[in-house]
Structures are given as C-alpha cells and as structure tokens.
Amino acid sequence: MSAPLSIVILAAGKGTRMYSALPKVLHRIGGQTMLERVIDTALSLKPQHISVVIGHCKDAVRDTVRRDVAWVEQTEQLGTGHALKTALPQLPADGRTLVLYGDVPLIDAATLQTLLDAAGDEVGLLTDVLADPTGYGRIVRQDGRVVAIVEEKDADAAQKAITETNTGILVLPNRHLSGWLAQLNSNNAQGEYYLTDLIALANAQGVAVHPVQVAASYLAAGVNNKQQLAALERIFQRNQAQALLKAGLTLRDPERFDLRGSLKHGQDVEIDVNVVIEGDNELGDGVRIGANCVIKNAIIGAGSVIEPFSHLENCRIGRDARIGPYARLRPQADIGDEAHIGNFVEVKNSTIGHGSKANHLTYIGDAEIGRGSNIGAGTITCNYDGVNKHRTVIGDEVRIGSGTMLVAPVSVGDRATTGAGSTITRNCPADKLTVARSRQTVIEGWVRPEKPKK
C-alpha cells in the first residue's frame, strides 16, 4: 500500500511581469484559471489533503477558485522554502508531500504519477533538459546522482553550462520535512529560502533523490508573462484539436479553433475556422458549425447547421434545425427539430416548436411557439414592462406578419394570422386574421421644420 499523499500548491506570488491587477494564478488557459487546472490535476491523484498557499490578492483567489482545498496564507513572500514551511502545520507527520505550482498549468496526472512511483518514500524530482537553460536552476550530479540544485544567480560558469534544469516539482518524505525546512537559510543572491536546497540536505542524510525527466517541456513550463501564457494557450489548444481530429471530428483549420471547456460529438461533425467553444457542449451526428461562431453550453441535435457568426449560449437545438447566420440564442432557448432561426434573430428563454421559422430581424423573448409557425421579419415579443417579464404564447401553424409587436402577456391561437405592422395587445383567436394598426392619415398643410440655412 502506497504512503498517504498530501499535495501543496504554491500560489502566493503577485506576478509582476504579467502587468495586470489580476493575480497571476487567476489568468486563464483554455477558459479555466491556471490555479483551477493545477488543483483539478492534483485532485485526480486522489490525495488525502490539498493545501494551497496564497498571499497576493488572497481574497480574490479564494473567491474565484471554488475547490475543496485548505487555504494557507503566506503573509510574506520569502521564497518557495518559506511557502512550504507555511503549509507545514497542515501536513501529517507520515506519508509524502507533492509540491506543485499554481502557475504551471499544463502539468498532467500521468507525469506526476510517474514521479510519485519513482520517488517511493524518498525524494522525487521532476527535471527538464533545455537547449537554453538561462534563468533556471541547474541539476548538479556526481556519478549520475543528483546532489544539489543551484539557482542561476548563484551558479558558477561550469554550473551554468549544465542543461538539465529544475522544474520545481518535488516529492518529499514528510518524516524529514520539519527538520529540513528548519535548516533552510537565505544566504543567497535572492535573499530567499530556496526549496531547492532540500536536495543537498537529503543527500547529506543519505536519502536518495530520484530524478524523472519530463516528457515534454510544456508540461512543466511556468507562466511569468503574457507571452508565456499565450504560448501555453496555443500548445493546449493544439493538443485538444489533435485529440478531436483523432476522434473523428473535422476541423477545417486546427490552428484556428479554441475549446475552452468540453465537447462531445457524434460522427461526421464539421467545424469551420475561428470557432470558440466554451463550457459543456454536445454535437450530434452530422452537425456543421460555420466560421466565427461562439458556442457555449449548447446541445445541438443531429443534422443541424449553425451558420457563420452565430452566438449560442446555454441553449438546446433539435435535429435538422438551421441557425443563423448572425443569430443569437441566449440562455434557455429551446429550438425544436427542423426549426429555422435566421439572420439577426435573437431568442431568449423561449421554446420554438417543430418546423417553426423566424428568419429575419426578430426578437423572441419569454415565448412559446408551437409547430409549423412562421414569424415575420421585424417581429418583437414585448416581454418586459420595466419590472417584470411576461410570456407570449403562439400556437401551431400561426403566421405572424412582418413588423408585429406582441405586447405580453398575450396569446395567439392555432392557425391565426396577424397583419403586418400590427401591435397586438389582446389575445388573437384561432383561425382568424387580427389586424391592429392605426389608420394611415395624410395631414394637409403640415410643414416640416428645417434648420436655418448657414
């Protein structure tokens, strides 16, 4: 049986080089904060305990990141060794502790499990080999054994020539932690307590250090500025796109596709360029998404087509429907099978029945529309009185004339028709034509006001 696992995530830094009022660990990759990504990866390892060390903008970090962790405040940022020491009271005397970082967002569970397996009940160290190791702590070996880590500012010329670098990710035996952390000092170029000094202390006590080289540098890459953030975003998106392609999704250009959440898809699904998908989404067989669409928390039935420049959020679309171009489906829009929502049509908190159509320049809010109805261009459901929202109910096979204002609450019966330009304030009976517009009048003798000529 493996030793109990605790995880400490260091996330107290300000991130000065981000040039942002937002704490560094709250910047996002793939639609999720970096810290949330690290915590979710940590949770997948099923540890007994997770502590997150916070400092700068601690309240904002806690309020944003909703995860079941213990928050530990580091009142002074005196280095990584000091940060871990701050979390020491949270850790049991036995077992082992995995140290992670809130600004290393793409570390994966497989890499960490490999490190844990290699470490056993001793020390595990994740390393990387870089063509240009400038700025990174160097791994110093003797006869193949890791004996120390030397930070860039403290390294001599020979040590700076080493290309094996420290990622900062460690596995440490809890039985030694208290004693090792008590021995740390700040006699270095930074004047900080380095967690890396624990490697030399482990060697001094005969505790073996087991290095594991990361499979790809990006997995252990930290974010210190917006350039690095953008670079990791592209790597993350490229990896997601490749996984989707492998699973049978057609992406017209994988380099122009962003997934900021999850996507389930059927067979023969096609997505054009510059599509952004957020939240949790499901696309049925044969769905086609046009260019420049934003899809968030949507379920789209088989055979439906989303034309370019459409924006869908928290909605459901049935089978063989057609949406857009330039359509907007807002939360709780429920579009039936074979329905059409056309260009510059907005739907919110409404149900559109099987085969019904609203093809042009229309707002449908807080409405229920039956089967086979047609909503003419320029129709508005006037659902808001300034305080409360009211519903409009339109039956089956209704024809709403262009430019109709439906002042809710109001209902239109099955197979009814409204004349173009009507303002409907009372219920319309089934199978009847309702016209509600003022008589056209010409005012004789009227003179249009004009501005004085200059």
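Judged as a salt bridge (Lys or Arg N to Asp or Glu O under 4.0 Å), the pairs with a partner in residues 348-366 (not counting sequence neighbours) are, in order, K348-D366. Applying the side-chain hydrogen bond (donor to acceptor under 3.5 Å, both in side chains) test to pairs two or more places apart or on separate chains, those with a residue in residues 402-411 are T404-T418, S411-N427. Under the salt bridge (Lys or Arg N to Asp or Glu O under 4.0 Å) criterion, the residue pairs touching residues 296-314 are E307-R322, with sequence neighbours excluded. Listed by first then second residue, pairs satisfying side-chain hydrogen bond (donor to acceptor under 3.5 Å, both in side chains) with a partner in residues 98-112 read K24-D103, D108-T111, not counting sequence neighbours. Each salt bridge (Lys or Arg N to Asp or Glu O under 4.0 Å) pair with one or both residues in residues 398-422, not counting sequence neighbours, appears once here: R415-D431. The salt bridge (Lys or Arg N to Asp or Glu O under 4.0 Å) contacts involving residues 34-45 comprise E36-R67, D40-R67, where partners must be two or more places apart or lie in separate chains. Sorted by first and then second residue, the pairs that involve residues 327-363 and meet ring pair (Phe, Tyr, Trp, His ring centres under 6.0 Å), not counting sequence neighbours, are Y326-F344.
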Report, one line per pair, each donor and acceptor closer than 3.5 Å where one atom sits in a side chain of residues 5-21; sequence neighbours left out.
unit_1	atom_1	unit_2	atom_2	d
S20	OG	L22	N	3.0
S20	OG	H27	NE2	3.3

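Between L329 and I317 the shortest side-chain heavy-atom distance falls below 4.5 Å.
For E450, the salt bridge (Lys or Arg N to Asp or Glu O under 4.0 Å) partners are R448, not counting sequence neighbours. Contacts of D132 classified as side chain to side chain contact (heavy atoms under 4.5 Å, CB included), with partners at least two apart in sequence or in another chain: T134. In this structure D334 satisfies the salt bridge (Lys or Arg N to Asp or Glu O under 4.0 Å) test together with R316, sequence neighbours excluded. In terms of the salt bridge (Lys or Arg N to Asp or Glu O under 4.0 Å) criterion, residue partners of R256 (sequence neighbours excluded) are, by chain and number, D253.
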